[in-house]
Chemist: 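Let me give you the structure first, and then I'll get to my questions.
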Amino acid sequence: MSNMEPREQMAGKEEAVDLLAAITPDLVKIEQAMQADLTAIAPDIAPLLNEILHYGLFAGGKRIRPLLAVLCSRLCGGTDSGVVSLSIAFEYLHCATLFHDDVIDQAVTRRGKAAVNVAYGETAAILAGDFLHARSMLLVGRGGGIEALEVFCEATAAMVDGEFLQLRNASMLSQNHDEYFAVIMGKTARLIGAACEIGALVAGAGVEASQALRNYGLHLGCAFQIIDDLLDYQGDTVSTGKAVGNDFCEGKMTLPLILALNKAQEKDRQRLLSMLAGGSEERVSLFAEATALISRYEGFTRARRMAEEMADKARAQLQIFDQEAVRQTWSILESLISYVLNRKK
Ligand code: IPE
Ligand code: IPE
Ligand code: MG
Ligand code: MG
């Protein structure tokens, strides 16, 4: 999370913490746990697989999912020893979905370098993703038992379902935001929700706390994906490490576009629809025009407002944890909400 500007994000907060400084020790532990796990399995796996795992995993990811698991565990009074080695399962599954997602989205750049499908080919990307998926389940089962594994597998299944929903929606030129929210809930929010819930469960939290943290993660995850979709139009490739404009060029219907289409005058609506009906090569040259039309109908500002609403709902879930003993962790989880809204990468 090197792009954070913690002081700016948390200006005016009573319980201000320097976010980056506060999370660095955990990020270091997460990094070390991944390195140690890969070293442990290296003798048993093909050298090429080992190489791809290092290539894909250690390439500048923000590590927000394992971090959330560790923080939510601590918020519920957990001791850190086991949760760090479990938490890396969330990064593994996340990376597995990125390897596969880049094949599906035909993406060429990820985390600032050639995506795995480009560097090693689609077959290798799919297989390496399968390996990480399997390894992630093993780590969750080992560290969290059957209850955690159930939550984890349900989230994984929901991710696949979200991708199918997205596939179906791609051919629906008229969508409302409920359909979009169903997609992002599945493909992004459920894993983030599971990271938070499982963090709580391994700390021995009761139903009220684990469900509050699950809901915190679900709302944070929705905000996270809306911002991702905004960055796909408005971000900067150097910061995001991904190609800007990929969603539009692939014909993906994300929130800014959906909101603009629903509000546009007939002439502009038809223009946007004709762009979507064309080929992806053609759309590359139409990206600036599409962005201007989305802007005209406030697609970006309204999408951002919806991300802020999600962020408010995430924040509300933390109220029950506002106690002196866990003030520092609570404060970090609060600050992460602002980070998600203001992130540039
Ligand atoms: C990208 O996730 C995929 C989405 C769910 C939007 P991140 O933005 O967390 O990617 P990394 O891990 O930091 O590269
Ligand atoms: C997130 O959607 C996909 C996953 C949950 C794997 P995107 O397709 O928007 O993710 P990026 O932009 O490629 O990271
Ligand atoms: Mg993608
Ligand atoms: Mg995206």
Side-chain angles (χ1 to χ4, degrees), residues 3 56-57 59-66 68 89-118 122 125-126 128-130 132-133 136 152 154-170 179-195 217-218 220-258 280 287 291 294 299-300 303-304 307 340 343-345:
N3 260 24
L57 281 165
K62 295 181 286 294
R63 315 300 193 213
I64 193 158
R65 297 156 187 82
L68 284 168
F90 296 100
E91 190 64 18
Y92 282 4
L93 187 71
H94 168 57
C95 281
T97 67
L98 295 182
F99 292 1
H100 290 178
D101 182 63
D102 287 340
V103 173
I104 296 166
D105 291 348
Q106 298 181 8
V108 293
T109 311
R110 168 71 63 186
R111 293 178 166 176
K113 55 187 193 178
V116 173
N117 47 307
V118 172
E122 291 193 350
I126 292 165
D130 288 342
L132 282 177
H133 180 192
S136 68
F152 190 76
E154 278 167 10
T156 311
M159 290 180 93
V160 178
D161 200 47
E163 287 290 332
F164 269 98
L165 215 52
Q166 178 168 270
L167 215 55
R168 193 199 64 183
N169 289 359
E179 280 144 345
Y180 168 84
F181 275 99
V183 170
I184 67 168
M185 179 59 85
K187 76 171 189 175
T188 304
R190 286 292 297 272
L191 181 62
I192 294 179
L218 291 177
L220 186 73
C222 286
F224 190 89
Q225 184 63 48
I226 296 172
I227 299 300
D228 184 81
D229 292 341
L230 282 166
L231 288 172
D232 202 280
Y233 279 94
Q234 302 181 310
D236 151 44
T237 299
V238 176
S239 304
T240 64
K242 310 188 271 198
V244 170
N246 210 51
D247 287 347
F248 178 74
C249 295
E250 285 297 307
K252 207 187 260 186
M253 298 279 274
T254 61
L255 193 56
L257 182 58
I258 293 169
S280 67
F287 181 63
T291 301
I294 294 171
F300 300 120
R304 183 163 292 278
V340 163
R343 71 196 180 96
K344 304 278 181 279
K345 67 176 282 192

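Note that ligands are numbered from 1 as they come in the structure, with each ligand's atoms numbered from 1 the same way.
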Chemist: Looking at non-hydrogen atoms alone, which of K187, R110, K242, R111 comes nearest to atom 4 (C) of ligand 2?
Modeler: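 Looking at heavy atoms only, K187 sits closest to atom 4 (C) of ligand 2.
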Chemist: Is it the side chain (CB and beyond), the backbone, both or neither of D228 that lies under 4.0 Å from ligand 2, heavy atoms counted?
Modeler: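 For D228, the contact with ligand 2 is made by the side chain alone.
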Chemist: Distance from T188 atom OG1 to L218 atom CG, nearest 0.5 Å?
Modeler: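 Reported value, rounded in 0.5 Å steps: 11.5 Å.
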Chemist: Give the intermediate values and the outcome of side chain to side chain contact (heavy atoms under 4.5 Å, CB included) for residues D105 and K252.
Modeler: CA-CA 9 Å; D105 291 348; K252 207 187 260 186; 3.0 Å; yes
Chemist: To the nearest 0.5 Å, what is the distance between CG (L98) and NZ (K242)?
Modeler: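 Result: 7.5 Å between the selected atoms.
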Chemist: Do any of the N, O or S atoms of D247 sit under 2.8 Å from the Mg ion (ligand 4)?
Modeler: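 Here the distance criterion (N, O or S atom, under 2.8 Å) is not met by D247, so no.
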Chemist: For N/O/S atoms only: which one belongs to D105 and is nearest the Mg ion (ligand 3)?
Modeler: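 Of all N, O or S atoms in D105, the Mg ion (ligand 3) lies closest to OD2.
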Chemist: Go through the steps to decide whether L230 and R304 satisfy the test side chain to side chain contact (heavy atoms under 4.5 Å, CB included), and finish with yes or no.
Modeler: CA-CA 8 Å; L230 282 166; R304 183 163 292 278; 4.0 Å; yes
Chemist: Once you round to the nearest 0.5 Å, how far does NE2 of H94 lie from CG of L57?
Modeler: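 If I round to the nearest 0.5 Å, the distance is 10.0 Å.
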Chemist: Got a second to check how far Q106's CD is from E250's CD, nearest 0.5 Å?
Modeler: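 The distance works out to 5.0 Å.
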Chemist: Residue-level breakdown please: for K252 versus ligand 2, do any non-hydrogen atoms fall below 4.0 Å on the side chain, on the backbone, on both, or on neither?
Modeler: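 For K252, the contact with ligand 2 is made by the side chain alone.
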Chemist: Relative to ligand 2, is D105 under 4.0 angstrom through side chain, backbone, both or neither, heavy atoms considered?
Modeler: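 For D105, the contact with ligand 2 is made by the side chain alone.
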Chemist: Only heavy atoms of T97, strictly under 4.0 Å: list the atoms of ligand 2 that pass.
Modeler: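 Taking each heavy atom of T97 in turn, ligand 2 has 6 (C) under 4.0 Å.
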Chemist: Is it the side chain, the backbone, both or neither of D101 that has a heavy atom closer than 4.0 Å to ligand 2?
Modeler: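 Within the 4.0 Å criterion, D101 contacts ligand 2 through side-chain atoms alone.
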Chemist: Looking only at distance, does T188 have an N or O less than 3.5 Å from an N or O of ligand 2?
Modeler: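 The answer is no, given that T188 and ligand 2 share no N or O pair closer than 3.5 Å.
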Chemist: When you measure from the Mg ion (ligand 4) to each N, O or S atom of D228, which atom gives the shortest distance?
Modeler: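 Result for D228 and the Mg ion (ligand 4): OD2.
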Chemist: How far apart are the C-alpha atoms of D228 and Q225, what are their side-chain angles, what is the distance that settles it, and do they pass the side chain to side chain contact (heavy atoms under 4.5 Å, CB included) test?
Modeler: CA-CA 5 Å; D228 184 81; Q225 184 63 48; 3.3 Å; yes
Chemist: Before you tell me yes or no, could you show the steps for D101 and K187 under salt bridge (charged side-chain N to carboxylate O under 4.0 Å, His left out), namely the whole-Å CA-CA distance, both residues' side-chain angles and the distance that decides it to 0.1 Å?
Modeler: CA-CA 10 Å; D101 182 63; K187 76 171 189 175; 5.9 Å; no
Chemist: Would one find an N, O or S atom of D101, in either backbone or side chain, under 2.8 Å from the Mg ion (ligand 3)?
Modeler: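 True for D101.
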Chemist: Report, in ascending order of atom number, the atoms of ligand 2 lying under 4.0 Å from any heavy atom of Q225.
Modeler: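 Close to Q225: 1 (C), 2 (O), 9 (O).
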